[in-house]
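Just follow the structure's listing: the first ligand is 1, and inside any ligand the first atom is 1.
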Amino acid sequence: MTTDLRSFVLGLPKAELHLHLEGTLEPELMFDLAERNHVALPYESVEKARLAYEFSDLQSFLDLYYAGCSVLVSEQDFYDLTWAYLVRAAEENIRHVEPFFDPQTHTERGVHFGTVVTGIMRALEDGTERFGITSRLIMSFLRDLSPASAAQTLEHARRYGRRIVGVGLDSAELGHPPEDFEEVFHAARDAGYRVVAHAGEEGPPEYILGALDVLGAERIDHGVRCLEDQMLTARLAMDRVPLTVCPLSNVRLKVVPAMAEHPLRRMMDAGLLVTVNSDDPAYFGGYLVENYVAAAEALGLSLKDLADLAEASFRASFLDEPTRLARSREVREYADAHGVR
Ligand code: ADE
Ligand code: ZN
């Protein structure tokens with residue numbers, strides 16, 4: 001059964017909508033880039049790095065995630081990082097991706113905004129040409145830095161036109177409510193950027209409300225704590241607001257105690273438009289397929305549930321309507337061909 005489940009998920013056409021490119025930095029590449037750029041790492045070996053990936057909460061992960069980013073310096077480094085993810089995505093039949101990157105993590109270290117975007121974009125364009133993987137790049141503001149720093153980052157982004165399609169909000173959530181970023185998100189919306197935000201990962205349901213009503217978020221990243229507020233859950237379901245859920249991440253960061261207690265199934269039962277994603281796969285022990293499989297095994301999801309989740313991933317994307325419909329049809333055809341309906 002396990003093999004059947006995995007091979008079904010592997011072949012399923014999928015979109016990934018919650019993926020931090022910096023969170024795809026595998027220890028092997030981290031060591032290669034450290035050598036290339038003469039950067040010292042706090043780990044003796046690849047194996048020791050992996051062993052250090054034990055987290056007690058979001059902040060304990062972020063400390064290692066930002067430290068790992070120190071090896072990313074040149075345009076080619078950002079290209080290599082993005083390309084490694086795309087190779088993996090192609091193997092997992094990911095047809096579309098809307099990755100995040102955290103420009104401030106790099107500009108704060110003196111790396112130019114353009115170096116980061118150009119490296120990432122060149123790889124995304126090559127990914128479309130080589131694998132047919134479409135993409136929409138989203139720039140995330142770090143909510144534990146100042147709103148002024150976010151505003152300056154938005155100014156940088158404007159020079160790169162439509163290559164960046166959206167803005168998001170990530171990093172340490174508790175104590176950094178969406179309301180702090182009202183002005184910069186207003187400016188981003190005015191400039192035509194799509195808007196998403198991390199909310200309700202460690203933060204309370206009120207942060208999800210703030211993301212919707214103050215920032216104008218069209219999609220909520222994580223959002224798992226919405227179930228604590230019935231009115232909010234009903235509203236999210238009624239308005240078909242997509243929630244990009246990351247099961248392995250939630251277990252590894254102790255947002256939930258165990259996969260068997262993950263709210264994904266309850267969220268689906270509540271009529272929410274949920275999608276499955278990998279967040280920071282190099283740190284959380286699994287890419288997209290592993291997230292589908294781990295959730296399915298622990299929560300008893302059927303193949304039909306998995307096909308519904310894959311279809312939702314396209315519906316929740318920023319692809320144009322005809323492409324979204326075409327991709328959804330591919331999911332249905334795949335499910336039909338496997339006797340799943
Ligand atoms: N940055 C990278 N991964 C994140 C997560 N899971 N939550 C908030 N910020 C992040
Ligand atoms: Zn995230």
Side-chain angles (χ1 to χ4, degrees), residues 15-26 30 53-70 72 78 81-82 85 97-108 116 120 136-145 149-150 153 166-178 180-181 195-204 207-208 210-211 215 217-226 242-256 262-264 274-288 290-291 313 316:
E16 176 142 64
L17 307 180
H18 185 158
L19 182 276
H20 302 264
L21 285 169
E22 293 90 343
T24 70
L25 179 59
E26 290 288 345
M30 193 191 291
Y53 294 173
E54 281 290 334
F55 311 114
S56 51
D57 56 12
L58 175 57
Q59 187 62 56
S60 65
F61 153 69
L62 290 171
D63 292 343
L64 296 199
Y65 164 90
Y66 293 128
C69 287
S70 64
L72 297 162
F78 288 93
L81 174 75
T82 308
Y85 167 73
V97 59
E98 299 188 356
F100 299 121
F101 73 112
D102 291 336
Q104 289 153 293
T105 303
H106 314 299
T107 52
E108 293 259 309
V116 182
I120 292 173
R136 301 281 186 275
L137 185 59
I138 300 174
M139 162 178 92
S140 274
F141 301 124
L142 301 185
R143 65 200 311 157
D144 46 357
L145 298 186
S149 171
T153 305
V167 296
L169 188 66
D170 66 5
S171 202
E173 187 180 9
L174 287 170
H176 301 287
D180 292 354
F181 295 88
V195 171
V196 301
H198 281 55
E201 179 186 18
E202 285 189 341
Y207 282 24
I208 300 176
L215 306 185
E218 302 167 67
R219 214 159 63 195
I220 298 295
D221 297 312
H222 293 295
V224 288
R225 288 193 60 189
C226 73
L243 301 156
T244 63
V245 174
C246 307
L248 286 172
S249 165
N250 295 153
V251 175
R252 293 295 292 268
L253 300 189
K254 305 204 165 30
V255 167
V256 298
H262 196 282
L264 177 69
V274 286
T275 66
V276 167
N277 308 271
S278 70
D279 207 6
D280 302 284
Y283 291 90
F284 300 150
Y287 284 74
L288 188 55
E290 224 46 60
N291 274 273
S313 72

Peer 1: When you measure from the heavy atoms of F61 to every atom of ligand 1, does any distance fall below 4.0 Å?
Peer 2: yes
Peer 1: Could you walk me through whether E173 and H222 pass the side chain to side chain donor-acceptor pair (under 3.5 Å) check?
Peer 2: CA-CA 12 Å; E173 187 180 9; H222 293 295; over 6 Å; no
Peer 1: If I take every N, O or S atom of D279, is at least one of them less than 2.8 Å from the Zn ion (ligand 2)?
Peer 2: yes
Peer 1: Could you name the option among H18, E201, H20, Q59 that has the heavy atom nearest to atom 7 (N) of ligand 1?
Peer 2: E201
Peer 1: Are side-chain N/O atoms of Q104 and S149 paired as donor and acceptor at under 3.5 Å?
Peer 2: yes
Peer 1: Any idea which of G23, S140, S171 brings a heavy atom closest to atom 9 (N) of ligand 1?
Peer 2: S171
Peer 1: Could you measure the distance from the SG atom of C246 to the CG atom of D221? Nearest 0.5 Å is fine.
Peer 2: 7.5 Å
Peer 1: Under 2.8 Å from the Zn ion (ligand 2), is there an N/O/S atom belonging to C246?
Peer 2: no
Peer 1: With backbone taken as N, CA, C and O and side chain as the heavy atoms from C-beta onward, which portion of H222 lies under 4.0 Å from ligand 1: side chain, backbone, both, or neither?
Peer 2: side chain
Peer 1: Between N291 and S278, do the side chains contain a donor N or O and an acceptor N or O under 3.5 Å apart?
Peer 2: no
Peer 1: Is the Zn ion (ligand 2) less than 2.8 Å from at least one N/O/S atom of H20?
Peer 2: yes
Peer 1: Using the benzene-type ring in the case of Trp, are the ring centres of F141 and F181 under 6.0 Å apart?
Peer 2: no
Peer 1: Does either side chain, that of D102 or that of Y65, offer a donor lying less than 3.5 Å from an acceptor on the other one?
Peer 2: yes
Peer 1: If we set the cut-off at 4.0 Å for heavy atoms, which region of E173 has an atom near ligand 1: side chain, backbone, both, or neither?
Peer 2: neither
